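Sequence positions, counted from 1, serve as the residue numbers for this chain. Since the model is a prediction, treat every value here as computed from it, not as a measurement.
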Amino acid sequence: HVQLVESGGGSVQAGGSLKLSCVIWEVTSCMGWFRQAPGREREGVVAFNPAREGTYWADSVKGRFFITRDSATNRTDLHMDDLRPEDTAWYYCAADCGDPELAIKPGGVFGYWGQGTQVTVSG
């Protein structure tokens with residue numbers, strides 16, 4: 001069982017920034033974030049293999065979101081800039097996603113996820 005703990009999120013006006021943090025204790029070959037808004041399908045936001053190069057982003061957030069990682073604390077931060085109302089959703093840090101390139105595509109699967117944190121962007 002993979003344990004993930006999230007923090008961050010909140011409310012911001014369009015154009016603003018927020019940061020989400022995730023701490024994961026187990027070794028995983030694939031982790032990232034997905035989001036889900038009411039009435040919408042779950043959407044992969046980002047996925048990567050912590051042991052390899054390569055981070056895969058959803059087209060909807062490319063160039064606006066980025067991640068930073070601290071291996072000493074097992075913490076990964078999702079930095080979200082230039083937020084838009086359509087970014088409003090519950091965000092989940094997740095792991096056990098197989099191939100990260102596939103994880104952020106429709107139908108991508110994450111085996112474990114955290115409690116979620118809400119992000120609200122007002123226009």
Side-chain angles (χ1 to χ4, degrees):
H1 181 73
V2 178
Q3 187 176 12
L4 309 99
V5 177
E6 305 171 33
S7 59
S11 298
V12 68
Q13 292 201 338
S17 300
L18 286 172
K19 183 181 77 174
L20 307 181
S21 296
C22 177
V23 177
I24 178 171
W25 283 272
E26 286 77 12
V27 175
T28 179
S29 60
C30 180
M31 67 171 292
W33 270 266
F34 66 85
R35 64 187 182 184
Q36 188 156 24
R40 297 182 64 180
E41 294 290 320
R42 192 172 77 174
E43 178 187 20
V45 175
V46 60
F48 60 94
N49 182 330
R52 297 182 181 177
E53 296 291 325
T55 301
Y56 301 91
W57 293 96
D59 289 341
S60 57
V61 305
K62 274 182 185 175
R64 300 188 295 122
F65 292 11
F66 65 97
I67 57 173
T68 55
R69 296 170 55 202
D70 184 342
S71 57
T73 59
N74 294 328
R75 192 177 98 184
T76 301
D77 292 335
L78 175 65
H79 301 263
M80 305 182 292
D81 295 331
D82 189 24
L83 283 161
R84 304 166 182 170
E86 54 264 39
D87 294 317
T88 296
W90 278 86
Y91 284 70
Y92 298 85
C93 178
D96 188 21
C97 41
D99 184 333
E101 187 171 9
L102 299 179
I104 55 94
K105 294 183 178 179
V109 177
F110 291 86
Y112 298 97
W113 52 91
Q115 77 278 11
T117 184
Q118 190 166 19
V119 170
T120 302
V121 185
S122 56

What pairs meet the disulfide bond (SG atoms under 2.5 Å apart) rule with one or both residues in residues 94-123, with sequence neighbours excluded?
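Non-adjacent pairs meeting disulfide bond (SG atoms under 2.5 Å apart): Cys30-Cys97.
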Output every pair passing disulfide bond (SG atoms under 2.5 Å apart) with a member in residues 41-84, not counting sequence neighbours, ordered by first then second residue.
none
Partners meeting salt bridge (Lys or Arg N to Asp or Glu O under 4.0 Å) with Lys105 (sequence neighbours left out):
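Testing Lys105 for salt bridge (Lys or Arg N to Asp or Glu O under 4.0 Å), a comparison that skips the adjacent residues, returns none.
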Only counting residues at least two apart or in another chain, list the ones meeting ring pair (Phe, Tyr, Trp, His ring centres under 6.0 Å) with Tyr112.
His1
If the condition is ring pair (Phe, Tyr, Trp, His ring centres under 6.0 Å), which residues does Phe34 pass it with, not counting sequence neighbours?
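Once residues adjacent in sequence are excluded, the partners of Phe34 under the ring pair (Phe, Tyr, Trp, His ring centres under 6.0 Å) criterion are Tyr92, Phe110, Trp113.
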Which pairs count as side-chain hydrogen bond (donor to acceptor under 3.5 Å, both in side chains) when at least one residue sits in residues 37-46, sequence neighbours excluded?
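Sorted result for residues 37-46: Arg35-Glu43, Glu43-Ser60.
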Scan residues 9-22 for pairs that pass side-chain hydrogen bond (donor to acceptor under 3.5 Å, both in side chains), counting only residues two or more places apart or in two chains.
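Matches after skipping sequence neighbours: Ser17-Asp81, Ser21-Asp77.
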Hydrophobic side-chain clustering at under 4.5 Å (ILVMFWY, transitive links): who's grouped with Trp25? Put none if nobody.
Val5, Val23
Under the ring-ring contact (aromatic ring centres under 6.0 Å, His included) rule, what pairs show up with a residue in residues 39-74, not counting sequence neighbours?
Phe66-His79
Taking side chain to side chain contact (heavy atoms under 4.5 Å, CB included) as the definition, give me every residue that meets it alongside Ser71, ordered by chain and number, with sequence neighbours left out.
none
Which atom of Thr88 lies closest to which atom of Ala37, heavy atoms considered:
O-CB, 3.5 Å
Can you see which heavy atom on Ile24 is nearest to which on Ala95, and at what distance?
CD1-CB, 3.7 Å
Which atom pairs, one a donor and one an acceptor, fall under 3.5 Å between side chains of residues 115-123 and the rest of the protein, sequence neighbours left out?
| unit_1 | atom_1 | unit_2 | atom_2 | d |
| --- | --- | --- | --- | --- |
| Gln115 | NE2 | Glu6 | O | 2.9 |
| Thr117 | OG1 | Gly8 | O | 2.7 |

What residue pairs, at least two apart or across chains, pass salt bridge (charged side-chain N to carboxylate O under 4.0 Å, His left out) with a residue in residues 45-67?
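Salt bridge (charged side-chain N to carboxylate O under 4.0 Å, His left out) check on residues 45-67 returns Asp59-Lys62, Arg64-Asp87.
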